[in-house]
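As structure tokens, the structure follows; a few thoughts come after it.
Since we're looking at a predicted model, the values are computed, not measured. Numbers restart at 1 for each chain; the letters A, B, ... are given by sequence-line order, proteins then strands.
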There are 2 protein chains.
Amino acid sequence: MMKNQNSDRSDTILDSAEKFIRKGGFNAVSFRDIADDIGIKSSSVHYHFPKKTDLGKAVIDRYAKRFLESLGSPEEKKETPQTRINRLGKAYLAALEEDDAICLGCILGAESAGLPGDVQEAVGSFFDGVLRWTSSALAGSKGPSASATHIIGALQGAMVLSVATKKPDALKETIRRLQMSV
Amino acid sequence: MMKNQNSDRSDTILDSAEKFIRKGGFNAVSFRDIADDIGIKSSSVHYHFPKKTDLGKAVIDRYAKRFLESLGSPEEKKETPQTRINRLGKAYLAALEEDDAICLGCILGAESAGLPGDVQEAVGSFFDGVLRWTSSALAGSKGPSASATHIIGALQGAMVLSVATKKPDALKETIRRLQMSV
DNA sequence: AATTATCTATCTATCAGTAGATAGATAAAG
DNA sequence: CTTTATCTATCTACTGATAGATAGATAATT
């Protein structure tokens, strides 16, 4: 028993790393912070993720997978574009409200230019995936703001505004307006 | 002549700091980076800005002042809301294109939760100012997306997408769509 | 005009703390 | 006896920050 202790521990490490990164960015997390947070030594974190780049890539890759899975299929069900975009908005809202922090994509996207190459690529892939999902979800829509780029941008920007101005309703308002114009 | 050498030097320091912050965030700039960049010693940077918090506050305060001044008045001229929002969009676009980097508000807004209290407050004030300008600029508009929060959020989010996905047209597209729906 | 004092802006040198990273020991499991 | 996962111990590099020296400009006093 306890066969996937590695996997369990790795996930615990990634949970902690994700929490720190969401709060202050990639440079605001250290191997020691994570180790102290979960009660091990920093060298043990290095065992699971030798370089910080490995850690960063793993955090964003896991997040991308989870986020896209949580959105479900953008096509198969008989849904209107509005319903699908509502689902997308709810996913962003959940991230903000559950942890009272900006989502991982927002912060790493904003820091993109200063990230190590590997991590930067992983962030780019995340956005490509989300944009692809949104494009599919919009199939058939003729609204004036029915563009994946515009919608994802608006959601992420509103999320930043929510935390930076400490007015958590900013994201809700943007979701409402996006829905009207899809 | 050369009376405000202090002010000149301070500005040079702030220019350098702003450049580094826009690339990788507040934690991605150091006193030594700045000193090396402009050819002085790190202790001289401390002379002008004793603590890193002082430096951060000065960077964002100067930026807020410049940005709002560049927007001009949101009221006095006989302009339509569309024209004013176009001016706003152009200001964001200029920041992105001139330096090929995200704007200072975007990156510090995203990092907000991890910033020192003083800097966080200054970032909040910047957003309050921009939102106030945009609200005034929208006076009389009845468009479906005529909300300061929505517009600023969309512009900033699109800017992040532009750099993170390396598709510089994302911001342009959002400006176009915003203008249609104001 | 000459002297004295103060201010400005830089430097050199150094500090304690923390960063990412690695080598090697240890222990448990199979 | 190898693999997995952890530890101790350590390294070098860099962080923000400070103390103290210095040169030059400016201002005040004699």
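For the residue pair A:D128/A:S125, the side-chain donor-acceptor check at 3.5 Å is not satisfied. Donor-acceptor pairing under 3.5 Å is lacking for the side chains of B:T53 and B:D118.
Taking atom CG of residue A:N27 and atom C1' of nucleotide C:dG20, one finds them 12 Å apart after rounding to whole Å. Rounding to whole angstrom units, CZ of residue A:F49 and C1' of D:dA5 are separated by 14 Å. Summarising the geometry, the separation between CG on B:D8 and P on C:dT10 is reported as 10 Å, rounded to the nearest angstrom. If you measure from atom CD1 of B:I40 to atom P of C:dT8, you get 17 Å, rounded to the nearest angstrom. The separation between B:I34 atom CD1 and D:dA17 atom C1' is 14 Å, rounded to whole Å.
Salt bridge A:E111/B:K23: absent, no basic N to carboxylate O contact under 4.0 Å. Between A:R62 and A:D11 there is a salt bridge, since at least one side-chain N of the basic residue sits less than 4.0 Å from a carboxylate O of the acidic one.
By the 6.0 Å and 45° rule, B:K52 stacks over the aromatic ring of B:F26.
An OP1 or OP2 oxygen of D:dA5 is reached within less than 4.0 angstrom by no side-chain nitrogen or oxygen of A:K41. Dashed line: the shortest gap from a side-chain N or O of B:R9 to OP1 or OP2 of C:dT8 is not under 4.0 Å. OP1 or OP2 of C:dA23 has not a single side-chain nitrogen or oxygen of A:H46 nearer than 4.0 Å. Residue A:Y47 places at least one side-chain N or O under 4.0 Å from the OP1 or OP2 atom of D:dA5.
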Please write out each protein N/O paired with an N/O of nucleotides 16-19 of chain C under 3.5 Å, distance rounded to 0.1 Å.
residue: C:dA19; atom: OP1; partner: A:S30; partner atom: OG; Å: 3.1
residue: C:dA19; atom: N7; partner: A:R32; partner atom: NH1; Å: 3.4

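Counting only heavy atoms from C-beta outward, the side chains of B:Y63 and B:C103 approach each other to under 4.5 Å.
No hydrogens or angles were tested; on distance alone, a donor-acceptor pair under 3.5 Å links the side chain of A:S43 to the base of D:dT8.
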